[in-house]
Colleague: 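Supplied in structure tokens, the structure appears directly below.
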Amino acid sequence: SSVAVHAAATFPELTDDESLADIAKSAAKGESLSICVFGASGDLAKKKVLPAIFSLYYDRHLPENVRVFGYARSKMTNEEFKEKIRESLPCRISAAGNCDDVIESFLERMHYVSGLYDDPKDFKALDQAMAAEEAKMGKKAMRIFYLSIPPSIFVPVAQNAARECSSSTGETRVIVEKPFGRDLESSRELTSSLAEVLAEENTYRIDHYLGKELIENITVLRFSNIMFQPLWSRAYIRNVQICFSENFGTEGRGGYFDNYGIIRDVMQNHLLQVMALFAMEEPASLDAEDIRDEKVKVIRCIRPIEMDNVVLGQYKGRRDGDKQLPGYLDDETVPPGSKCPTFAAMALFIDNARWDGVPFLMKAGKALHKRQAEIRIQFHHAPGKLYKKQLGSASEMNSNELVIRIQPDESIYLRLNSKIPGLGMRLDQTDLDLQYKTKFSEANLPDAYERLILDVVQGDKRLFIRNDELEEAWKLFTPLLKTIEDDQMAPELYPYGSRGPIGAHYLASRYNVRWG
Ligand code: NDP
Ligand code: BG6
């Protein structure tokens, strides 16, 4: 039986974390679980979604009675599908560990169904395939559908899945990938079309940044450490920088990207979510609704973004030794002459009592000099003149900084002025440094998709975007996007692999800020 297969596989030893077993037990209570990934032949499914489901299985976070279905148009046999997926399944917990038998036991739980996205007949066939497996498990079945497909087919797939494949014995939950629309109007259309077949309660809009370890830690840092609580406002914070950079370009995703641009791709969702968690008031509890209420409130306090406070850029090709690094317009999937921004920097302001006048500088770009995402909080300088001579006149250069490095090399560090050891009195800046790599084992840093998929299994909506939050995010960015697109604003060109357009530095210096 399926249980026997599961038991026969050699799982890694569970360490000291009793709660792992608890989670598996609670997920399993009385239910079996079917997860179906639409678009299973695609990039995200192979790179992130299926490996994350496997890691959860490997860690015994999923019930024993789990089945994973892949659905797409591509014609493949079950065996071909499994072969395609096998190579992307990681033995994450212990690189040295041999997890071949766990992989085999996982693959035995996988099934592939080929079908069209707009043909109810094909969805009926999927329903039958799922039901046949669930019958073997002989229990109530929860079904989770993951829309890992282009946004143009979200609605028909969600509708067909809800109508033809809803679980008849348990709950049905649907995970929707971004982008949730291109602007306020299209987002509202998408929301209302999905609402025709899916209750908001069962709709999980995923923003994978919310599943990242350091993002989850923002609220812990803020609300469980008394030392930060009084500092977290305009009284002590001079500016906040939320920066995202990638050291690669669109790499064949230009067709998708050109229709969206960096503001929609990264800022309206990932970075705005980070800003909301950073700036929100303390929620009444850790319940999903309380946290999301506070995020919505703070997003609503963000002042409309003025074009004057925005810099746009697009990367151009550059020669690097004997290598030619391509420009955005060299991507064959990008329309010639496109003005689509691959970089943007902007100053945002939150008009509430806590943040009045504090610039939140947001920056995101592709094809820059490094891959990094971080929040940098610069504090006011210490008043008085006691150490002015030692610190030099540019006291803002010596102010304290707290950096939350989201990736890579997750860390949190606090920049302090300190005496250089020895005779005499010389001061320098030094870091109190929490490096995740050295402090915690890598096994404790799950991929964002693992955390989020497990939350869906457990029905925890804390890290998913609620419809009113989405609405407010689009209300903030839609007028700006409209101006950029109606006026055909030309982006400033920057070389592939550089620090981005010079305009971003002028923007920051207008607010007396130096990018970190
Ligand atoms: P893909 O372009 O790889 O599409 C997934 C699958 O959908 C394809 O394998 C294909 O399967 C089917 N498909 C593709 N284009 C069409 C079309 N025009 N009409 C019908 N079916 C089509 O997408 P990704 O896997 O890259 O992304 C999936 C979703 O996740 C998207 O919404 C994307 O925005 C989002 N996302 C992706 C990220 C990534 O890194 N890739 C990151 C964050 C979000 P078949 O032909 O076999 O049916
Ligand atoms: C996705 C964007 O949402 O996030 C991509 O569509 C971007 O363009 C990606 O590359 C970045 O995610 P991560 O987790 O690699 O920082």
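For ligands, and for the atoms within them, numbers begin at 1 and follow the listed sequence. These numbers come from the heavy atoms of this one structure, side chains and all, not from hydrogens, waters or symmetry mates.
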Colleague: Would you check whether Tyr117 has a nitrogen or oxygen atom less than 3.5 angstrom from a nitrogen or oxygen atom of ligand 1?
Modeller: yes
Colleague: Hey, are the side chains of Arg466 and Glu200 touching, using non-hydrogen atoms and a 4.5 Å cut-off?
Modeller: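 A side-chain contact exists here, since the closest heavy-atom pair is under 4.5 Å.
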Colleague: Could you say whether the N/O atoms of Pro150 and ligand 1 ever approach to under 3.5 Å?
Modeller: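 Checking ligand 1 against Pro150, no N or O pair falls under 3.5 Å apart.
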Colleague: Is the contact between Glu177 and ligand 1 made by the side chain, the backbone, both, or neither, using heavy atoms and a 4.0 Å cut-off?
Modeller: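 Near ligand 1, Glu177 shows its side chain, while the N, CA, C and O stay back.
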Colleague: Evaluating non-hydrogen atoms only, which member of Gln372, His208, Lys366, Arg264 is closest to atom 13 (P) of ligand 2?
Modeller: His208
Colleague: Can you classify the ring geometry of Phe123 versus Phe38 as parallel (below 30°), tilted (30 to 60°) or perpendicular (above 60°)?
Modeller: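 The rings of Phe123 and Phe38 sit tilted, inter-plane angle from 30° to 60°.
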Colleague: Is the shortest N/O to N/O distance between Arg253 and ligand 1 below 3.5 Å?
Modeller: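 No; the residue has no nitrogen or oxygen that sits under 3.5 Å from a nitrogen or oxygen of the ligand.
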Colleague: Classify the contact between Phe257 and ligand 2 as side chain, backbone, both or neither, using a heavy-atom distance cut-off of under 4.0 Å.
Modeller: neither
Colleague: Considering only the protein, which heavy-atom contact is closest to atom 32 (O) of ligand 1, and what is its distance?
Modeller: Ile149 O, 2.8 Å
Colleague: Does ligand 1 have an atom that lies less than 4.0 angstrom from a heavy atom of Phe154?
Modeller: yes
Colleague: Looking at Tyr204, does the NZ or CZ of Lys461 lie under 6.0 angstrom from its six-membered ring centre and within 45 degrees of the ring axis?
Modeller: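 That pair qualifies as a cation-pi contact.
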Colleague: So, does Lys47 sit close enough to ligand 1 that a heavy atom of it is under 4.0 Å from the ligand?
Modeller: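 Per 4.0 Å heavy-atom rule, Lys47 contacts ligand 1.
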Colleague: Output the list of atoms in ligand 1 that are nearer than 4.0 Å to some heavy atom of Ser41, sorted by atom number.
Modeller: 8 (C), 9 (O), 10 (C), 11 (O), 45 (P), 47 (O)
Colleague: Any N or O of Ser152 that comes nearer than 3.5 Å to an N or O of ligand 1?
Modeller: no
Colleague: Output yes when a protein non-hydrogen atom is found under 4.0 Å of atom 2 (O) of ligand 1, and no otherwise.
Modeller: no
Colleague: Does any N or O of ligand 1 fall below 3.5 Å from an N or O anywhere on Ser148, backbone included?
Modeller: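 No, Ser148 has no N/O under 3.5 Å of an N/O on ligand 1.
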Colleague: Test your reading of the structure: does Leu44 have an N or O sitting under 3.5 Å from an N or O of ligand 1?
Modeller: yes
Colleague: Counting only heavy atoms, tell me which of Gln407, Arg371, His270, Glu246 gets closest to atom 10 (O) of ligand 2.
Modeller: Glu246
Colleague: Can you check whether Ile153 has an N/O within less than 3.5 Å of an N/O in ligand 1?
Modeller: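 No, Ile153 has no N/O under 3.5 Å of an N/O on ligand 1.
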Colleague: Assess Lys212 against Tyr209: is NZ or CZ under 6.0 Å from the centre of the six-membered ring, and within 45 degrees of the ring's axis?
Modeller: yes
Colleague: Nearest heavy atom to atom 43 (C) of ligand 1 wins, so pick from Tyr256, Tyr449, Phe180.
Modeller: Tyr449
